[in-house]
Protein chains: 2
Amino acid sequence: MMQIYDWATGPYPARVRIALAEKKLRSSVRFVSVNLRKGEHKQPEHLARNYSGTLPVLELDDGTYISECTAITQYLDALDGHPTLTGTTPREKGMIHMMNKRAELELLDAVSVYFHHATPGLGPDVEVYQNAEWGLRQRDKALKGMHYFDTILQERPFIASDVFSMADITLIGGLIFADLVKLPIPAECDALRAWWIKMQERPSVKNRVTMPEPATAAS
Amino acid sequence: MMQIYDWATGPYPARVRIALAEKKLRSSVRFVSVNLRKGEHKQPEHLARNYSGTLPVLELDDGTYISECTAITQYLDALDGHPTLTGTTPREKGMIHMMNKRAELELLDAVSVYFHHATPGLGPDVEVYQNAEWGLRQRDKALKGMHYFDTILQERPFIASDVFSMADITLIGGLIFADLVKLPIPAECDALRAWWIKMQERPSVKNRVTMPEPATAAS
């Protein structure tokens, strides 16, 4: 059985949990909790799974580790031969990957840097180096990003096209993280706020933390 | 005819130029030069093509812009229905996307931040904000990344598997940038150095700057 190493409430883990639910693959994986608050993701046991020391990581039956949300989503979406999250035509693939990366660069990753560098983050034991000035720049970038995504959602129902995709999941991850760090969607971003309310009603998003019982912490 | 907005010697543009050559698509595109040194990529005309203000950008015949190297590569690789750079099986797709992202995070993007923040970069007119401390951290991360990729290349001939892929192209982009900023591969990284020498002999890599005649600067 495939295993997912993650932390149930984490914004990046949310991306893979949502993808799993959208692909109806929840029951095909076992979750293993890696304690972010204790910095277990930066310890040798986890670094052996993922050089970059991030969550989530997928472990295949043969012991192969696949990290990075985009890579895990590509893997999961291809499993049944009917991709629904990553596109089928060249144009769809291109647009989804562009907006997926843009949602990382301009929102999710920016909020993450803000959290780890300009707030207490995961606490002094885990945040061994902080650069507050850089963190604050990234907060501003994220707020500007929200305005950009608002303009996109004024034009179409989803971020990359007329249908839900991996790019929407990444933007959802960004807004989950923004919520956690108390960075609200600006009042004037009506389209983004309406979209976010709608996305939170999607079962894959709503039930992401409770779905299925995580295994007890590894080792 | 498709157009590529880029800058011939840029490390990110190199990724798409290499992909085009590998896919034998050079003659299907027209190149339009956007002057990085003059900061044309941060001006409104280019920001309308790509919100993030980076190069390269692909323009399709219908006027659609696709930015981000990974997205452009996915698009180009899917055009002929025979992907050779982004994988065909779920496992190949997952591994290629993982190593592609890792080559960005741990080398190419890190070198880029070093260049723009802890060296004169593109000059004072373009580099309106610098954070030298962050830039130097990223330089150290890139050097550590070279050691990591060296260990991978001790085990297999290419970064993601036994065959050349998009992930190799991204690592090549990282080493092109490292060359530009005089960040040599550490002496002890024999496998990475041998791989880099071999990659530079690939026609797609060797001829990337001169291939085909760029159009004169836009507008």
Side-chain angles (χ1 to χ4, degrees), chain A residues 47 50-52 54 57-58 60 62 64-81 83 86-102 104-106 109 113 117 129 131-138 141 144-145 147-149 151-152 160 167, chain B residues 47 50-52 54 57-58 60 62 64-81 83 86-102 104-106 109 113 117 129 131-138 141 144-145 147-149 151-152 160 167:
Chain A
L47 292 173
N50 173 9
Y51 171 80
S52 300
T54 56
V57 174
L58 170 68
L60 305 184
D62 68 0
T64 301
Y65 292 112
I66 300 182
S67 57
E68 298 305 331
C69 295
T70 299
I72 298 170
T73 305
Q74 276 285 159
Y75 175 84
L76 297 173
D77 199 31
L79 272 184
D80 63 2
T86 58
T88 50
T89 69
R91 194 178 184 288
E92 286 168 4
K93 289 175 199 224
M95 288 297 289
I96 289 169
H97 272 281
M98 173 177 75
M99 296 307 289
N100 179 63
K101 182 67 187 272
R102 198 168 283 172
E104 289 180 347
L105 274 181
E106 308 293 349
D109 292 353
V113 172
H117 286 274
Y129 168 74
N131 186 318
E133 184 185 306
W134 185 255
L136 292 172
R137 297 273 307 184
Q138 296 295 312
K141 183 180 185 177
K144 191 163 167 279
H147 283 91
Y148 165 73
F149 291 114
T151 64
I152 296 296
Chain B
L47 292 174
N50 174 8
Y51 170 81
S52 300
T54 57
V57 174
L58 169 69
L60 306 184
D62 68 1
T64 302
Y65 293 112
I66 300 182
S67 57
E68 298 305 331
C69 296
T70 299
I72 298 170
T73 305
Q74 277 285 159
Y75 175 85
L76 297 173
D77 199 31
L79 273 183
D80 63 1
T86 57
T88 50
T89 68
R91 194 180 184 286
E92 285 168 5
K93 290 176 198 222
M95 289 297 288
I96 289 168
H97 273 280
M98 172 176 76
M99 296 306 289
N100 180 64
K101 182 68 187 272
R102 199 169 282 171
E104 290 180 346
L105 274 181
E106 308 293 350
D109 292 352
V113 172
H117 286 273
Y129 167 75
N131 187 318
E133 184 186 305
W134 184 256
L136 293 172
R137 296 274 307 185
Q138 296 295 312
K141 182 181 186 175
K144 191 164 165 279
H147 284 91
Y148 165 73
F149 292 113
T151 63
I152 296 295

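So that the names make sense, note that chain A is the first sequence line, chain B the second, and so on, each numbered from 1.
Counting heavy atoms from C-beta outward, B/Thr86 and A/Gln74 have side chains that stay 4.5 Å or more apart.
Of the residues considered (B/His97, B/Glu92, B/Met95, B/Lys141), B/His97 shows the highest number of contacts with chain A, using heavy-atom pairs under 4.5 Å. Between chain A and the residues B/Gly145, B/Pro90, B/Ala78, the largest count of heavy-atom pairs under 4.5 Å involves B/Pro90.
Between A/Met98 and B/Ile66, the closest heavy-atom pair is SD-CA, 3.8 Å. Closest of all the heavy-atom pairs between A/Ala71 and B/Gly94 is CB-O, 3.3 Å. Residue B/Asn131 comes nearest to A/Glu133 through the heavy atom pair ND2-OE2, 3.8 Å, listed as atom of the first residue, atom of the second, then distance. Of all heavy-atom pairs spanning B/Tyr51 and A/Arg102, the tightest one is N-NH2, 3.9 Å. Residues A/His117 and B/Trp134 share a closest heavy-atom pair of CE1-CZ3, 3.3 Å.
Here the OH-CZ distance, from A/Tyr75 to B/Arg91, works out to 8.5 Å after rounding to the nearest 0.5 Å. In this structure, A/Asp109 CG and B/Asp109 CG are separated by 9.5 Å, a value rounded to the nearest 0.5 Å.
Heavy-atom distances place the side chain of A/Leu60, and not its backbone, under 4.5 Å from chain B. Of the two parts of A/Ile72, neither the backbone nor the side chain holds a non-hydrogen atom closer than 4.5 Å to a non-hydrogen atom of chain B. For A/Asp77, no part lies near chain B; criterion is any non-hydrogen pair under 4.5 Å. With a threshold of 4.5 angstrom between heavy atoms, A/Asp80 does not approach chain B through any atom at all.
Looking at A/Lys101, A/Met99, A/Glu104 one by one, the single match for side chain to side chain contact (heavy atoms under 4.5 Å, CB included) with B/Glu68 turns out to be A/Lys101.
Both the sub-6.0 Å distance and the 45° axial angle are satisfied by B/Arg137 relative to the ring of A/Tyr129.
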